[in-house]
Structure formats: structure tokens, C-alpha cells
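Notes to accompany the following structure.
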2 protein chains.
Amino acid sequence: MRSDAERNYARILSAAKTIVAKQGAQASLRDVARRAEVGMGTLYRHFPTREALLETLLRDRFEALAAKAAALESARDPFAALAEWLREFLSWTPFRGLASALMATLSDQESALHASCHAMRQAVGRLLARAQESGQVRPEVDSLDLFALVNAVGWVSEQAPDLAARQERLLGFVLDGLASQQDDADSRECR
Amino acid sequence: MRSDAERNYARILSAAKTIVAKQGAQASLRDVARRAEVGMGTLYRHFPTREALLETLLRDRFEALAAKAAALESARDPFAALAEWLREFLSWTPFRGLASALMATLSDQESALHASCHAMRQAVGRLLARAQESGQVRPEVDSLDLFALVNAVGWVSEQAPDLAARQERLLGFVLDGLASQQDDADSRECR
DNA sequence: TTGACAAGTGGAGCACTGCTCCGATTATAC
DNA sequence: GTATAATCGGAGCAGTGCTCCACTTGTCAA
């Protein structure tokens, strides 16, 4: 890559990081270009779609989360490991619209983000399987359920500050819902 | 109201219903005006904000849901009543972006939608309280938790058709998470 | 050191958006 | 039939995503 191209690439990424953090995933790309002191053409040359830009911003973190999941696979308590990973996942909210972007990549195989978080999803899938094998999580839960619900909690947190403050609590409810249940609806009534 | 104004009001609402169902809450208002065969000025005269338009589209349904909640207050099994209401709530997905719009109204007291669904939220709050009094739902859950989680499930369903197909299932997990828990994390490990 | 030239740049331009404004129109009351 | 206030419609403004291409510039062989 030519040296000026490399410089611009870095400038764009840096500008995008700031602006996306402030305005969310729907930030104006013109604003990004402006802040990077670069033309629209240059921005689109380096990042042909908005998603490509977001993917580059997120890639490192996805890899780190995948690694974290891999490390937790050997933890003593599989359920606690799963819970820890989910908390870690949710603790990092770089911008509004992340949850939505992540859900969109599930069905869009072409998307840059799809490939980028595939490894992460696989790794957390193994965490889930371990928790199920140990009998701590309901067997009918699959990793799509898990991913959808944790993103749902993330989405709620994006909606308002007072909801973000409840994130831990909501995740707790969801985790309890995924955990193996001793009672069914009928026996619950008898308590 | 002048007769031509009344006619245009109805035309706009009818057009909005169709277009919002197709394009979601972010539908182009120009499209709505075009379909209603009305100028932009006319549309904005009747509905000064996009929210005002959505609110009018939703109002009837909110009232019906509030009534349904009120009716369920005398049900025999409070938990089943709550579950039934939540299922009813989720069964009606008039357009993409509804969940987000509803969450936004929570913090925005000025919004037309805020007033419009206040009664509904109060009614379902009473359903929740009954289920808690009967010991079927954890006492620490409040109606904001409930509203947030049910909207989160609704949001997930908006993201992809195969996720919409899991709506019942996801709601089930969430409901089990809100239900009174017999076991804590330690005892779960022993099973 | 100097061209040659591909690689890279930047911004004008198009079609769209939300929203405002105001001259033209029209339903209605007298 | 006319006065007039209510209503209408679309031009216009500032913004958006994205494309296109004339121009500039870094690189490298001569």
C-alpha cells in the first residue's frame, strides 16, 4: 500500500472511532471523512461499505472475546464461565447500534462482520455446550438463543441510561431462565 | 374540522398504515404523503412529528391491550395471566422499529406515545404485582424490568424471520427467569 | 535525477431524506 | 354571492449515502 494511502486509512479509522462512539453506528460518513480530513472518495476506497468500517473497528475485540471464551473452556464451573463471558461481552459497548449490527450479521453471510464474529460465536457455543453437559443449562437452548438473548440485553442497555444501569440484573434474569429448571409451571403454583 | 381536512387525515392514516407496515417505523414520510396524494405540508399539519403519526396508528391497540390486562386481573392463575398478556403483546408486530419506539417513550415524557401507553404499562404492572403476591414471580422484578425484557424479545423477533419463529421459546426462557427460583447458583451445580 | 504511470485522492453531483414556509385554494358561514 | 379563515401543496433548505472521474502524487526503473 502506498504510504499516503496507509496514512489516510489510519486517519479514517481514528476519526471513525471517535465519531461512531459519539453518534452510534448510524453516524454520518461525511462527518467521518471531514474529521479525517479526507474526501468521500478516499473513505469509500478504503471502506466500501459502512459495515466494512464497523467491522474493522470491532475485529480486535471479537478476537479477544473469542480468546477469552477459549480460555474459559477449561474453567471448573462451566455455568459460571459462561456467565462470566456474557458479562464480559456486555461490558463493552463501543457505540449505539452494535446489538442491531451483530444480529444483522447472523443472516447475512456475505457481511464482513459475519466472518469476523463467527469464531467468537463458535467459541461461546462450546462454553454453552459444556454448561449443558454439566446439567446446568437446559438442553434445548442453542447458541442462537443465547446470542439473541444476550444481544437483546445489550440492546435494552442502549435505549436509556437507567436501563443500562440494570444490565447486570437483566442478564441475571435471562441466565436464570436458561438454567435448568427444577419445577414446571404446575409445581410452581404449589409453592 | 373542515371536511377536506378530515378526508386528508383519514387518507394519510391509511397510507401510513400500509407504508409503515412495509418499510418499518423509519419509512419515508414523503412516500406516505405521495401515497395519500397529499402535500408534505398537509401531512405535517395533521401529524407534526413522525411520533404523532405512529402514536395514532398504535393508540387503539394500546387501549385494547390495557383492557386485556385489566380483564386478566381477575384470572385464577396470576402467572398464567401475565404470560398470556405478554404473548398477546408480542403477537402483534405491526412494523419494524416498534420495540425501539416503545423503549424511547419510557424516558421521553413529552412524547405522544408516552401518554398513550402509560395506562397499558400500569395495567400490566398490576398483573405483575399479583403474580408476585402469589409468590410465582421474584419479588425484586419491577415493571420496568418486565417491559424492557418483553420489548427485548420483540426486538429480537424484528431482526430476522428465523428469530421471529423462536419468539415463543425466547419468551418462555425469559418468563422462567422472572419466575421464583428454588435454587441458587450453588445448588444448581449439584444436580 | 528524472520521467512514466499506476495508485490514490477529493469533491462535485445525483437522488434521496426530514422539515419549514408561504402563496394559492377552498369549504363554510353569513 | 361573497368574505375569510382554514387548509392545502410543493418549492426550498440542509442534510444523507454513494458514485464517478479529472486531477495529484508516491514509487521505481532508467
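These numbers were taken from a predicted model, which means no experiment stands behind them. Heavy atoms only: backbone and side chains are in, while hydrogens, waters and symmetry mates are out.
A/Met1 has its CE atom 7 Å from the P atom of C/dG8, to the nearest Å. For B/Arg45 and C/dC21, the CZ to C1' distance is 12 Å, given to the nearest whole Å. With rounding to whole Å, B/Asp31 atom CG is found 8 Å from C/dG18 atom P. Per the geometry, CG belonging to A/Leu29 stands 16 Å off P belonging to C/dG10, to the nearest Å. With rounding to whole Å, A/Ile19 atom CD1 is found 10 Å from D/dT16 atom P. Computed from coordinates, the A/Gln23 CD to D/dG15 P distance equals 13 Å when rounded to whole Å. Taking atom CG of B/Leu43 as the reference point, atom P of D/dA11 lies 16 Å away to the nearest angstrom.
A/Arg126 has no carboxylate O lying under 4.0 Å from a charged side-chain N of A/Glu133, or vice versa, which leaves the two without a salt bridge. Under 4.0 Å is where a charged nitrogen must lie from a carboxylate oxygen, and between B/Glu37 and B/Arg11 at least one such pair does. Between B/Asp4 and B/Arg7 there is no salt bridge, since none of the side-chain N atoms of the basic residue sits less than 4.0 Å from a carboxylate O of the acidic one. Ion pairing between B/Lys22 and B/Asp31 fails under the 4.0 Å rule for side-chain N and carboxylate O. Note on A/Arg59 versus A/Glu55: salt bridge recorded, some NZ/NE/NH1/NH2 to OD/OE distance being below 4.0 Å.
An OP1 or OP2 oxygen of C/dT9 is reached within less than 4.0 angstrom by a side-chain nitrogen or oxygen of A/His46. B/Thr42 has no side-chain polar atom (N or O) that falls below the 4.0 Å cut-off from OP1 or OP2 of D/dT7. Taking side-chain N and O atoms only, B/Asn8 has no distance below 4.0 Å to OP1 or OP2 of D/dT7.
Looking at A/Arg50, its side chain has no donor and acceptor atom pair within 3.5 Å of the base of D/dG17. Checked by distance alone, A/Arg2 brings a side-chain donor or acceptor within 3.5 Å of a matching partner on the base of D/dT25. Side-chain to base pairing of B/Arg34 with D/dG9: no donor and acceptor N or O lie closer than 3.5 Å to each other. Between the side chain of B/Arg11 and the base of D/dG9, no donor-acceptor pair under 3.5 Å is found. Judged by distance alone, with hydrogens and angles left aside, A/Arg30 brings no side-chain donor or acceptor close enough to the base of D/dG15 to form a pair under 3.5 Å.
Checking C/dT9, C/dA6, C/dA27 against the side-chain heavy atoms of A/Ala5 singles out C/dT9 as nearest. The B/Asp4 side chain lies nearest to D/dT7 when the options are D/dG17, D/dT7, C/dG8. For A/Tyr44, the side-chain atoms get nearest to D/dG17 when compared with the rest of D/dG17, C/dG8, C/dT20.
Nearest-nucleotide positions on DNA chain C for B/Arg7 and B/Met40 put B/Met40 closer to the 5' end. Each of B/Ser28 and A/Glu6 was matched to the nucleotide of DNA chain C holding its nearest heavy atom; the match closer to the 5' end belongs to A/Glu6.
Using a 4.0 Å heavy-atom cutoff across all strands shown, A/Ala27 reaches sugar-phosphate atoms only and no base atom.
Classification of the B/Trp155-A/Trp155 ring pair by plane angle, with boundaries at 30° and 60°, yields parallel.
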